[in-house]
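Along the sequence shown, residues are numbered consecutively beginning with 1. Reckoned from all heavy atoms, side chains included, excluding hydrogens, waters and symmetry mates.
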Amino acid sequence: MDTKHSDSIGSNMLLTGCIFLANIDLTGVVDYAVKAVIGGGIWLGFKMAADYIEHKRGKAK
């Protein structure tokens with residue numbers, strides 16, 4: 001049986017990742033993801049508002 005080196009590395013990474021992720025509390029990860037999405041939406045809103053205001057100021061001159 002001939003095993004490629006890249007196949008072995010992929011299998012090792014998958015196994016290691018599964019072992020590390022087995023003990024993660026998913027509720028904490030979900031809470032963090034929700035907060036990150038909300039924070040990103042708020043940041044995007046402020047950024048779009050700032051760009052709009054800056055664009056309007058540029059036209060007024």
Reported [atom1]-to-[atom2] distance for the pair [X] and [Y], which is rounded to 0.5 angstrom:
{"X": "Met48", "Y": "Trp43", "atom1": "CE", "atom2": "CH2", "answer": "10.5 Å"}
{"X": "Thr27", "Y": "Tyr32", "atom1": "OG1", "atom2": "OH", "answer": "15.5 Å"}
{"X": "Phe46", "Y": "Asp51", "atom1": "CZ", "atom2": "CG", "answer": "13.5 Å"}

In one Ile/Leu/Val/Met/Phe/Trp/Tyr side-chain cluster, 4.5 Å: Ile19, Leu14: no
Candidates Val37, Ile38, Asp31 - the one meeting side-chain contact (heavy atoms from CB on, under 4.5 Å) with Val34: Ile38
